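Notes follow once the structure below has been shown.
Keep in mind it's a predicted model, so treat the numbers as computed, not measured.
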There are 2 protein chains.
Amino acid sequence: MPDQSIPQARTPETPTAEPVSGASGISRRALLGTAGATGLVLGTAGGAVGYASAPAGATPLTSVGAGRAMFHGKHQPGITDGLQARGHLVAFDLAAGAGRKEAAALLRRWSTTAERLMAGEAAPHGDTDVARDAGPSSLTLTFGFGHSFFGRTGLEKQRPAALDPLPDFSSDHLDKSRSDGDLWVQIGADDALVAFHALRAIQKEAGSAARVRWQMNGFNRSPGATARPMTARNLMGQLDGTRNPKPTDTDFDRRIFVPDPGEPAWMAGGSYAVVRRIRMLLDDWEKLSLTAQEQVIGRRKADGAPLSGGDETTPMDLEKTDAQGGYVVPLNAHARITRPEKNGGAAMLRRPFSYHDGIDADGTPDAGLLFICWQADPLRGFVPVQRKLDRGDALSRYIRHEASGLFAVPGGAAKGEYVGQRLLEG
Amino acid sequence: MPDQSIPQARTPETPTAEPVSGASGISRRALLGTAGATGLVLGTAGGAVGYASAPAGATPLTSVGAGRAMFHGKHQPGITDGLQARGHLVAFDLAAGAGRKEAAALLRRWSTTAERLMAGEAAPHGDTDVARDAGPSSLTLTFGFGHSFFGRTGLEKQRPAALDPLPDFSSDHLDKSRSDGDLWVQIGADDALVAFHALRAIQKEAGSAARVRWQMNGFNRSPGATARPMTARNLMGQLDGTRNPKPTDTDFDRRIFVPDPGEPAWMAGGSYAVVRRIRMLLDDWEKLSLTAQEQVIGRRKADGAPLSGGDETTPMDLEKTDAQGGYVVPLNAHARITRPEKNGGAAMLRRPFSYHDGIDADGTPDAGLLFICWQADPLRGFVPVQRKLDRGDALSRYIRHEASGLFAVPGGAAKGEYVGQRLLEG
């Protein structure tokens, strides 16, 4: 959990239909004006029956329901979009016998499904009605390829070097059955039923081509729960975090997205997602005093300011010492170790969900962070930071990495194109 | 899942700060005006440090964050309040050696915690900061006693006859480890972090007096996801449902709440909660055609109208036949069997959460309904309806009751009182 800020939670003051304007806000990549706010159209494509529009005279959808991200674009949705209140991560493995042809057909079906659902329309091949009545609610679907995908489809030569397996970290406790996978889908929405509906539609469209390998659920703060846009908190209660790169940074695109022409070419406009299920050992963490917690992190819990003073945005004074000559920000403080300045300017865009899967048999909470970070090159983003954390992070006693994945997420589909087409038909 | 409507999902058109006015809307029992909308006060009681209020000049909390239910009142919160977007159910067993005295101290601590958290203040004995920055977000905490509680506290004589174990139903597949319990707490909020924060605070305050027996997570539609207030949908995609009793019904209070004087006296103003974890066999259900699904339910999926015609509120014409002489609403249709008119006017107030705990090892979804219904007498509410469903409900092939609980939920605490005080100090 490197200390870089995550996309901000949204509030109605920063509706999904307008770019977030806060200092560290992430622009909505696609927007829905009032004219489109009724959002639910009578779908006819593919012979499917779409949702009926709202009855005449009904009030338009509110900001939560009306929020809409665009499927088509230079990049896939769900990367720079604001955090959503509900999320699902699901990985698939191709079925035995399924190869490149079946994968291409699957990505075509998934793309059609994503485009329709993100517009608030019904799924193409029978709809469960679970999202009926609701607007798109800022639904995004994002598709990625794992290392194993390329061997199974005979596309080894197209496999990016950046997909080489992540190094082992000494503090890892990875469950392989909940790690990796041929294909990865990230689903986010501000309504839990809209997100669930999309998850079921994606599973249905997998048909006999792929089977679910693992699946996880997550959440973030609801839009409007806070009075103003602000950095989100995680289940440890920390502002998490403050130093995410901003789209207004001059090098934002270069650090987060693969340039065009890409290497490989089909990844132009794409990004790499590192996914880690990080359990928080909350029973231990919550026993610490506030002061002890702040020493672990290196920032004040209330407002995220560095222990060296100032506010959340003040640069950390790493050399500042106290009356006894000790560093005010401890040498093993999480925020000191992860600061981008000391990691080759490593930049990753963190866009996580919290998770809570109840309690284990021993009574401890199965809760933490579905850490998802985005970067043009994992070897310059996640890996160097995690290597340092692995060697001496004070936070490591209170967290446990339990699952891991690395996925190549191609650029967004152009109109008439499906996600991954440049790979599968290249 | 008897066919009676649930409290409606809220939208900003029916903000939590104002009574819901829809035909089947449930009034918010407690409201927060604009003056209180900044909601976060500097707590000082009990030596605890409260949340700082929002910085001067910050915009007030929006309707989602500002929603506030009152802890004190004739009835406990979380019964007639609108559905919340996120919920936790947690049952505790008293620790070995803990008796009436420890239980009384526990309920006092829990009541203090609930009152503070529902006001947007910090927890009394150290706060995790997870809800910091957010408003109360319509948080409710509701406390109940299970059958086993009374023996462990020497209060057998105070145990209501209504807490006698539910009858066995032939279609039950109950996991005892996730059923029953000495104590039950229902937590709901429109923000997932606010709900989680409350869950952890309740667990912490249990201390050595009680340990978690089981815990479940649920969700409902987010406020504002639909264009207008309407009956909620469940994960089968149905409007669920249409026939909940309304607070405006002349016999609402009599059917849902124990009258004053109560029998037993300490239950005056209380209610009985039946809790069932009902898994939906979605892979099977979703294979049915729309027509077949509607025959199972007896209502149209799109708008909840009875198959005999009309709209969602039209009474079902049970005698109507088709050209072949068959009943339009099949004899085993769920809505026919559960109609209140044929169940002695049985009325229960259903107020569920959907749940989704991922997928099982065989790939099937672990998803369905955390069915919670409220009634003055379970033997006149839940039991007769479930008996009929158990004998011939067409829906029973697509659902499975996996856990069950029955809890006596005492009336609300008066100022200076804690929940259950009339039992524990009676």
Can you tell which of B/Val194, B/Leu282, B/Ile359, B/Leu235 has the highest number of heavy-atom pairs within less than 4.5 Å of chain A?
B/Leu235

Which one of B/Gln215, B/Arg211, B/His88 has the most heavy-atom pairs closer than 4.5 Å to chain A?
B/Gln215

Does B/Asp129 pair with A/Arg233 as a salt bridge, N-O distance under 4.0 Å?
no

With a 4.0 Å cut-off, would you call B/Lys204 and A/Asp283 a salt bridge?
no

Side chain, backbone, both or neither: which part of [X] has a non-hydrogen atom closer than 4.5 Å to chain B?
X        : value
A/Asp191 : both
A/Leu199 : side chain
A/Arg200 : side chain

I would like to know whether B/Val64 and A/Val64 meet side-chain contact (heavy atoms from CB on, under 4.5 Å); could you show each step before the answer?
CA-CA 11 Å; B/Val64 169; A/Val64 169; 5.8 Å; no

Distance in Å, A/Asp127 CG paired with B/Leu290 CG, rounded so as to fall on 0.5 Å steps
10.5 Å

Over all atoms of both residues, closest heavy-atom pair of [X] and [Y]:
X        : Y        : answer
A/Ala192 : B/Ser222 : N-OG, 4.4 Å
B/Thr226 : A/Asp133 : CG2-O, 3.5 Å
B/Arg221 : A/Val130 : NH2-O, 3.1 Å

Please examine the side chains of B/Lys301 and A/Arg132, heavy atoms only from C-beta on, and report whether any two atoms are closer than 4.5 Å.
no

Could you tell me which of A/Ala189, A/Gly358, A/Ser177 has the largest number of non-hydrogen atom pairs under 4.5 Å with chain B?
A/Gly358

Chain A heavy atoms under 4.5 Å from B/Arg86: which part of the residue, side chain, backbone, both or neither?
side chain

For B/Asn234 and A/Leu193: C-alpha separation, side-chain torsions, deciding distance, then whether side-chain contact (heavy atoms from CB on, under 4.5 Å) applies.
CA-CA 8 Å; B/Asn234 61 32; A/Leu193 280 91; over 6 Å; no

Yes or no on side-chain contact (heavy atoms from CB on, under 4.5 Å) for B/Gln203 and A/Glu286, after CA distance, side-chain angles and deciding distance?
CA-CA 12 Å; B/Gln203 286 185 255; A/Glu286 292 172 7; over 6 Å; no

Hey, what's the ring geometry for B/Phe219 with A/Phe196, parallel, tilted or perpendicular (30° and 60° as the breaks)?
tilted

Does any N or O in the side chain of A/Asp357 come within less than 3.5 Å of the main-chain N or O of B/Asp357, such that one atom is a donor and the other an acceptor?
no

